[in-house]
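Proteins come first, then strands; the chains are lettered A, B, ... in the order of their sequence lines, and each starts at number 1.
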Amino acid sequence: MQQAYLNGLNERQKEAVEHIKGPLMIIAGAGSGKTKVLTSRIAHLMHSGVDSFNILALTFTNKAAAEMKERVEKALGNTEARNLYIGTFHSVFARILRAEASKLGYPQSFTIYDTDDSRSVLKQVINDMGLDDKLYKPNIVHNRISAAKNALVGPAEYAMDNFLKQEDARSNRPQIAEIYASYVARCFKSGAMDFDDLLFKMHELLRDFPEVLHKYQHKFKYILIDEYQDTNPVQYQIAKLLAAVHENLCVVGDDAQSIYSFRGATIENILQFQKDYDDVKLVKLEQNYRSSKSIIEVANHVIKNNKGQIPKELWTDNDEGDKIKLVRTMTDNDEGKFVADAIQENKLRNHFLNSEFAILYRTNAQSRSFEESLRRAGVAYKIYGGLSFYQRKEVKDFIAYLRIIANTKDEEGLKRIINYPARGIGKTTVEKCLVIASEQNITFFEVLEKAKAFGFKAGTLTAIEEFVTMIKYFQNQLTKHNAYDVAVQVGKHTNIVKELFNDKSTEGLARYENVQELLNSIKEWTESPSNEDGEQGDKSLGAYLQQITLITDSDNDNGNEDTVKLMTVHAAKGLEFSCVFVVGLEETLFPSGMSVNTREELEEERRLFYVAVTRAKKHLWLSYANSRYRFGQLVQNDPSRFIDEMPEEMLDKSSAGGGARNQSSSGWGSAYDRMHGGNTRGWTEPKQKSSSPSTASKPSYLPVTPPSTLNKNHIPSENFVAADPSQLEAGMKIEHQKFGFGVIKEIEGSAHNPIALILFDKNGEKKIMLNYAKLSIIP
DNA sequence: TGAGATAAATTTTTT
DNA sequence: ATTTATCTCA
């Protein structure tokens, strides 16, 4: 008798699902039903008598974890699935580390430092060591340390590693090892772990505490890892340790979709898996159920340009589908306009919902032009990525109070709020405290507690004592009340809520609302019966804080909104849409200019393109702009080399927008458009020869397009002359290059940075910074 | 100590 | 073009 969850699986998929004992590796091509196999497999395990408490599934996003849990629940038709341990590497390990924190010398409610916190610590370390922060940029140093942690290289190993030493010497940053050691010490002193520590410390815990290892080895008898191609060495080593007794480790991945090597991920893990276990069952899923034949053919064709791929050929039974539409526009704004137009047209013609469209780009910064065009067109959209809710200033400030209440050692949190709202404890005092803390080897907060002993001015001392009393009061409240009640008290006592409420500016209003939303989220979390991860009970403030640090934007998505989705290709991993626009296909952008120096980097960009293309089910558009704004400057880019790697006969080329005249002809393949589309391939020859790094990375100097064609909103007059800001006065008629004609209503701002309030004929009222914008006076 | 002006960096991708 | 860091002056 066959179980329901086995219905609709193909032979390969069934093979993977029904394999219970021993190591299993599933190479799952894009759209080959990977999630279905994973969830069916979990259902099958449970149906075969495996206790749900003994199954661990690790994913890369909370969303993927939630989806998996939901689907297993559906497949089984009971609530057993609630006992499954499903979550991201980071959140699962954070929870375990919370339980075992004392063994590693951390407080139970250790703080999780996000990237900003980490960078801030590094900045201080670099300063304290008297190093040049132009050379030791916190960003670069952080990447270096992060890479080390992900490769299981601690500060001591780092200092002894000749290869790393040489690399650092070559880049003129020989002291990274010292910074690393100091950074680690500082985080530890603050009772804080950064993102990488959640992995690194987890490994340390299992490596150094056999009884802990034993406990979790027997808890997690069956382990599944999703997106295996994106795991890094620490993650693999942890999995290996956990699976060492039962060896029931199932990994699912696709080497062609490995796109996180910058985070230390390595497809080496796929090869290593087969070396580490000698009886690996290997299943390849090559049938794609998602996309049309055209889309699969193009994707296959492109990825063949990569050298080191595991041999496999993705195929599909689906319809042939439309050709891939390749569109060239003049500017990034035209690109935005074109996409908005195409979405509206297709909604009408094919009755698509907004939610069936996705716009995928290489960098978050590209979202702007699409945002504008969609807003203008009245199409509902949602942007994913960028900074998350919990990283906004006002939210993070508020959270900092909670962080201090949960963990007074948290230095970064304390620095954030010690003088927010202003209470007369300024920079000088903070500096002094930090020096004392370092000299006496006590924490920042302990200095505040013992402030009397360190000779502060009377006023300062009072301020400090009041602050300490307040924090202790909150901590005391926490023993009697839940996290939400305490958070409300924080809002009241500190006056933060009132202060934000009284700020009636637009931004102030938004800030007030954000803090309210934060309070709501705490309330919701406090009152929900069991938290998202399925762990019973732990409703403490510390648990809440550890959880929210790991939440990303896309996790908050309920998926029910009918909106066009805008996101980076990275964020789109694992998702699918009927209609996909892959935009900004230009050299230096996609592939990124940062990633064309080595074959490995370029191949990862190509895999990224492959991921982008394979998100589409039915319709795929690829677009690029002749020129776009970057750092406020108009730059020209060649079309992406990936365009050239696609079979020409599969493409339906056109150009759109650009000319102010023929707006209506976002035309599909008029003779004129074809000609222009065809022309874009003119550069093919020289570009392919230039595979040597020296010529490949050189910018090309193409004739600059006259500015008159750049903005379709307004074409500047022939005799446009930018006026000196000092010549401008209220009441003058002016012309703006972009916004057209208007009248200056008022000039405000300082003499050095004058700001004009201008009423434009077509674009309404705008504030223009005269030092940047060019205005021509109309007599 | 804090506001305001000036200089400088920013854009790879994320837990 | 916009945001962030640093500096200057009240």
Worksheet item: CD1 of I418(A) versus P of dG2(B): gap in Å, rounded?
Response: 12 Å
Discussion item. Angle between ring planes, F609(A) versus F590(A), binned at 30° and 60°: parallel, tilted or perpendicular?
Written reply: perpendicular
Item to complete: Taking salt bridge (charged side-chain N to carboxylate O under 4.0 Å, His left out) as the test, write out the residues that go with R375(A), two or more places apart.
Response: none
Fill in: Among dT2(C), dT14(B), dT4(C), the nucleotide that comes nearest once only the side chain of R263(A) is considered
dT14(B)
Practice prompt. Among N150(A), L198(A), V153(A), find the one that has a side chain to side chain contact (heavy atoms under 4.5 Å, CB included) with V234(A).
Written response: N150(A)
Worksheet item: For T231(A), which contact category applies under a 4.0 Å heavy-atom criterion: base, sugar-phosphate, or nothing?
Response: nothing
Worksheet item: Looking at residues at least two apart in the chain, or sitting in another chain, which of them share a ring-ring contact (aromatic ring centres under 6.0 Å, His included) with F467(A)?
Response: none
Item to complete: Take atom CG of N62(A) and atom P of dT14(B), then tell me their distance rounded to the nearest Å.
Response: 15 Å
Worksheet item: Base, sugar-phosphate, or nothing for K137(A), non-hydrogen atoms under 4.0 angstrom?
Response: nothing
Response to the item:
From CG of D116(A) across to C1' of dT14(B) the rounded distance in Å is 13 Å
Discussion item. Whole angstroms only, please: what is the CG-P distance between L360(A) and dT14(B)?
Written reply: 12 Å
Worksheet entry | Residues in salt bridge (charged side-chain N to carboxylate O under 4.0 Å, His left out) contact with R173(A), at least two apart in sequence or another chain | none
Worksheet item: NA contact type, F89(A), heavy-atom cut-off 4.0 Å: base, sugar-phosphate, or nothing?
Response: nothing
Worksheet item: Is the shortest side-chain N to carboxylate O distance from R641(A) to E587(A) below 4.0 Å?
Response: yes
Practice prompt. Any salt bridge (charged side-chain N to carboxylate O under 4.0 Å, His left out) involving residues 121-133 of chain A? Give me the pairs, sequence neighbours left out, ordered by first then second residue.
Written response: D128(A)-R186(A)
Worksheet entry | Set of residues satisfying side chain to side chain donor-acceptor pair (under 3.5 Å) with respect to S592(A), sequence neighbours excluded | none
Output one line per pair: protein atom, nucleotide atom from nucleotides 11-13 of chain B, and distance, for all N/O pairs under 3.5 Å.
unit_1, atom_1, unit_2, atom_2, d
dT12(B), O2, R362(A), NH1, 2.8
dT12(B), O2, R362(A), NH2, 2.3
dT13(B), OP1, N364(A), N, 2.7
dT13(B), OP1, N364(A), ND2, 3.2
dT13(B), O4', R362(A), NH2, 3.3
dT13(B), O2, R362(A), NH2, 2.7

Worksheet item: Rounding to the closest angstrom, what is the interatomic distance between dT4(C) and dT13(B) at atom P?
Response: 15 Å
Item to complete: Only stems of 3 or more consecutive Watson-Crick or G-U pairs count here, both distances under 3.5 Å; name the ones for DNA chain B, or none.
Response: B:1-10 with C:1-10
Practice prompt. Using heavy atoms to find the nearest nucleotide of DNA chain B for F60(A) and K427(A) separately, return the residue whose nucleotide is more 5′.
Written response: K427(A)
Item to complete: Figure out the NZ/C1' separation between K201(A) and dT15(B), and round it to whole Å.
Response: 18 Å
Item to complete: For T428(A) and for H142(A), find the nucleotide of DNA chain B with the closest heavy atom, then tell me which residue's nucleotide is more 5'.
Response: T428(A)
Just list the side-chain donor-acceptor pairs under 3.5 Å for residues 114-121 of chain A, sequence neighbours left out, or say none.
unit_1, atom_1, unit_2, atom_2, d
D114(A), OD1, D116(A), N, 3.0
D114(A), OD1, D117(A), N, 2.9
D114(A), OD1, K396(A), NZ, 3.0
D114(A), OD2, K396(A), NZ, 2.9
D117(A), OD1, K396(A), NZ, 3.1
D117(A), OD2, D114(A), N, 3.2
D117(A), OD2, K396(A), NZ, 3.4
D117(A), OD2, R403(A), NH1, 3.2
S118(A), OG, D114(A), O, 3.3
S118(A), OG, Y183(A), OH, 3.1
R119(A), NH1, N139(A), OD1, 3.0
S120(A), OG, E412(A), OE1, 2.5

Worksheet, complete the sentence: R628(A) meets the salt bridge (charged side-chain N to carboxylate O under 4.0 Å, His left out) criterion, sequence neighbours left out, with E335(A), E586(A)
Worksheet item: Within this structure, what is the OH-to-P distance between Y384(A) and dT15(B), rounded to whole angstrom?
Response: 14 Å
Discussion item. Between P on dT1(B) and CD1 on I425(A), what's the gap in Å once rounded to a whole number?
Written reply: 10 Å
Response to the item:
To the nearest angstrom, the NZ-C1' distance between K134(A) and dA8(B) comes to 8 Å
